[in-house]
Amino acid sequence: MKTISTISGRAVPVVGNDIDTDRIIPARFLRCVTFDGLGEHAFEDDRRQLTAAGKTHAFDDKRFTGAKVLVANSNFGCGSSREHAPQALAKWGIDAIIAVSYSEIFFGNCVAMGLPCLRVSVADSEAIQAAVVKDPAAQVTVDIDKLEVRIGGQTWKAQMGAGHRQQFLTGQWDATSELIAGLPEVRATAKKLPYVSSFA
Amino acid sequence: MSSRTLFDKVWDLHTVRTLPSGQNQLFIGLHMIHEVTSPQAFADLRAKGLKVPFPELSVATVDHIVPTENQARPYADGLAEEMMVAISRNCREYGIRLFEPGSGKQGVVHIIAPEQGLTQPGMTVACGDSHTATHGAFGAIAFGIGTSQVRDVLATQTLSMSRLKVRKIQVDGRLKAGVYAKDVILHILRKLTAKGGVGFAYEFAGSTFSAMSMEERMTVCNMAIEGGARCGYVNPDQVTFDYLKGREYAPTGENWAKAVAWWTSIASDGDAQFDDVKTFRAEDIEPTVTWGISPDHGVGVAESIPAKESFTSDEWATIEEAYQYMDLKAGQPIAGVAIDVAFIGSCTNGRISDLREAAKVITAHGGQVNAKVKAFIVPGSEAVKLAAEAEGLDKVFTAHGFEWRNAGCSMCLAMNPDKLKGRQVSASSSNRNFKGRQGSPSGRTLLMSPAMVAIAALEGKVSDVRAVLGKAAAKPA
Ligand code: SF4
């Protein structure tokens, strides 16, 4: 399985707290039976509104085209559990996310897809966004092993739970095969549960 | 062992083993499936040649994309039709029960599972939908999950999860007239914020919750997720058992007593230890309305829209964004804000007791839906629809100018034809007021109780339901 330890590439800043999954991928794009083609609709409504107001969303900004690292602020990905949200970001080209905090379901979805999400302080999220805006062509390195974000000579400390970090580094982020390996014990657990075995 | 919370007991019982990542492999006792978050999971099972070892522990329905007006197949929306075809085929192929429209058991997934007696105390419940927290009302530990995890549950009946901390939210006292379960949770969200619960399970405890019906408890637990908590629950008690007795999938005969004994045993111990405790007084809770773009942006109906300075400075940018998006100003009273659409329904407030409250308020008011407002009522399930019609509630609604629809999620997230248009403002009994949530990218949502939605529909603006309830009480019989 694929190990994930560092991601390097250009970055795109998406500024704002509490950016929910309805904004990342509006519900009308959930009418689908595959995740293909979601990438182009990431942040679609936010983008359209800014365009209408004569402004440009970072996902429409040519300077950030082809970015691999998304830099956000607090409580990113709150709201609906739709995996369509991280899938849309991944299909757009995002390979890693840096933010102050994430909603738990969004974070879990990202782990299951092999999309690492690192945490940084409020000040550092803003500093990294500023550095990216200043030099959009700069290579940003997200280092899961050292838990750092590096741009040029600058380094910021990042965090990720030890278990998740290990999952990425050892390539065990896709839990399915590990869960399947436990099936005999799963059956034993089921037998012990009164509502499955005794009074169902 | 004593001093344990319900969360601890249920978690330990369902822990299969510790995974190399340090997370737990957690057994899921009830898995619910719907048409939006499952097709990719089934496709992945097929691609990997995986089987479903416990198909009897999953149950499926269709709710998000189902039209609430014309339900004739094939649906006018080709994409929606394709999703319907996919879920039927997937359920057939893997031997999973599917409650389809017309079966009498279809509806919003979080409404039908309790209704059928599928959700029971002490279970672990998962569904590819964040409002799975609803099922915690029964003393179950219920998680919303993403599509990859839906695949994991199908393939193994387990999830890889990290244990949560438990915060007790203690509310004591009697709610004032015109204050509903929805107001209780909107009040809690306002005080603890939308991200205050990250890392926690919420235990809702105290005399206010003990006095609530199961339907009211479901409304509260439903929105625990809006506070950042991964799940919320109420300890099971006689109210829970009375609700379950006689439901189709509830235990029967001699199993009933066994079940009740076990259900009772899994409640939190009297001296259970919590990671955190927050307390509220029921008397302090007012009918609450959200004014902004996050469910924690609530105010009492008699209050004004708060100044940004009343929030912590890291929230100011969001608050400014909310004023601008909603076109509301700090200091402006929330009462009187004009609405264009009124929606009663959703897994938060689409149950029979919600419809009864709405009908009561409408009757007490006596007027018609305001000429500028489109108002519609969407029962949460086919069973709720039948029950409402048997009581004549549909007649009350239509006589006063409300549309009466078929069961589904409808304008809670507007994946079906029910949508806001342009900058319309809706008074909604649903759970999310995010930008663009109700189908128009620039549409605006004010969350409130069904009774408050009903009164807003009649008045054409946000209004205090207590004025009407007071009038009704004062009127000679
Ligand atoms: S009613 Fe709304 S929140 Fe509930 S399941 Fe449907 S879309 Fe989700």
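Because the structure is a prediction, the values reported are computed rather than measured. So you know, we letter chains A, B, ... as the sequences are listed, proteins then strands, and number each from 1.
- Contact of A:E185 with chain B is made through backbone and side chain together, with heavy-atom distances under 4.5 Å.
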- [ ] Go through the steps for B:F143 and B:H131 under the test ring-ring contact (aromatic ring centres under 6.0 Å, His included), then give the verdict.
- [x] CA-CA 8 Å; B:F143 302 111; B:H131 293 96; over 10 Å; no

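- Looking at B:R163 and B:D12, a side-chain N of the basic residue comes within less than 4.0 Å of a carboxylate O on the acidic one, giving a salt bridge.
- More than 12 heavy atoms of other residues, nucleotides or ligands sit less than 6.0 Å from atom NZ of A:K157.
- Considering only heavy-atom pairs separated by less than 4.5 Å from chain A, the leading option among B:K48, B:H64, B:K435 is B:K435.
- A:E148 has a carboxylate O that lies under 4.0 Å from a charged side-chain N of A:R150, or vice versa, which qualifies the two as a salt bridge.
- Taking the six-membered ring where the residue is Trp, the centroids of A:F59 and A:F64 are separated by 6.0 Å or more.
- Contacts between B:L164 and chain A at a heavy-atom distance below 4.5 Å involve the side chain alone, from C-beta outward.
- Ranked by non-hydrogen atom pairs under 4.5 Å with chain A, the options B:C127, B:G436, B:S160, B:A155 are led by B:S160.
- Aromatic ring centres of B:Y325 and B:F434: separated by at least 6.0 Å.
- Heavy-atom pairs under 4.5 Å with chain B were tallied for A:I105, A:L183, A:V196; the largest tally goes to A:I105.
- Looking at B:S294, neither its backbone nor its side chain comes within 4.5 Å of chain A, counting heavy atoms on both sides.
- Of the listed residues A:R165, A:E44, A:R48, A:H164, the one with more heavy-atom pairs under 4.5 angstrom with chain B than any other is A:H164.
- A centroid separation of 6.0 Å or more is found between the aromatic rings of A:F29 and A:H84.
- Heavy atoms of B:L13 lying under 4.5 Å from chain A belong to its backbone as well as its side chain.
- Contact count versus chain A (heavy atoms, under 4.5 Å) is highest, among B:E226, B:Q149, B:E35, B:R151, for B:R151.
- Classification of A:D124 and A:R119 as a salt-bridged pair fails, no side-chain N sitting under 4.0 Å from a carboxylate O.
- No other option in A:Q87, A:R23, A:K192 has as many heavy-atom pairs under 4.5 Å with chain B as A:R23.
- Residue-environment remark: NZ (B:K51) stays at or below the threshold of 12 foreign heavy atoms within 6.0 Å.
- The greatest number of non-hydrogen atom pairs below 4.5 Å with chain B, out of A:D20, A:T34, A:L30, A:T189, is found for A:D20.
- Using a 4.5 Å cut-off between heavy atoms, B:Q40 contacts chain A through both its backbone and its side chain.
- To the nearest 0.5 angstrom, B:N431 atom CG is 10.5 Å from B:T445 atom OG1.
- Interface remark: B:A86 contributes side-chain atoms only to the contact with chain A (heavy atom separation under 4.5 Å).
- Within the model, atoms CG of B:L154 and CD1 of B:I28 stand 11.5 Å from one another, a figure rounded to the nearest 0.5 Å.
- Interface remark: B:E56 contributes no atoms to any contact with chain A (heavy atom separation under 4.5 Å).
- Note: A:G79 leads A:A175, A:G79, A:P26, A:G16 in heavy-atom pairs under 4.5 Å with chain B.
- Most heavy-atom pairs under 4.5 Å with chain A: of the set B:I145, B:D314, B:I65, this distinction falls to B:I145.
- Looking at B:E82, both its backbone and its side chain come within 4.5 Å of chain A, counting heavy atoms on both sides.
- Proximity to chain A is limited to the side chain of B:R432, based on heavy atoms less than 4.5 angstrom apart.
- No other option in B:T158, B:I87, B:T37 has as many heavy-atom pairs under 4.5 Å with chain A as B:T158.
- Proximity to chain A is limited to the side chain of B:W263, based on heavy atoms less than 4.5 angstrom apart.
- With a 4.5 Å cut-off on non-hydrogen atoms, B:M161 does not touch chain A at all.
- Residues A:I97 and A:C110 come closest through the heavy atom pair CD1-SG, 4.5 Å.
- Only the side chain of B:L50 comes within contact range of chain A, judged by heavy atoms closer than 4.5 Å.
- Using a 4.5 Å cut-off between heavy atoms, A:A162 makes no contact with chain B at all.
- Salt bridge absent: A:K2 and A:D174 never bring a charged side-chain N and a carboxylate O closer than 4.0 Å.
- Side-chain contact annotation: A:N75 with A:N17, donor-acceptor N/O pair under 3.5 Å absent.
- Heavy atoms closer than 4.5 Å to chain A are found in both the backbone and the side chain of B:T124.
- Residue A:S81 touches chain B through both its backbone and its side chain, counting heavy-atom pairs closer than 4.5 Å.
- A distance of 7.0 Å separates CD in A:Q167 from OG1 in A:T170, rounded to the nearest 0.5 Å.
- Looking only at heavy-atom pairs under 4.5 Å with chain B, the residue among A:L179, A:D45, A:D18 that has the most is A:L179.
- Heavy atoms of B:Y249 lying under 4.5 Å from chain A are absent altogether.
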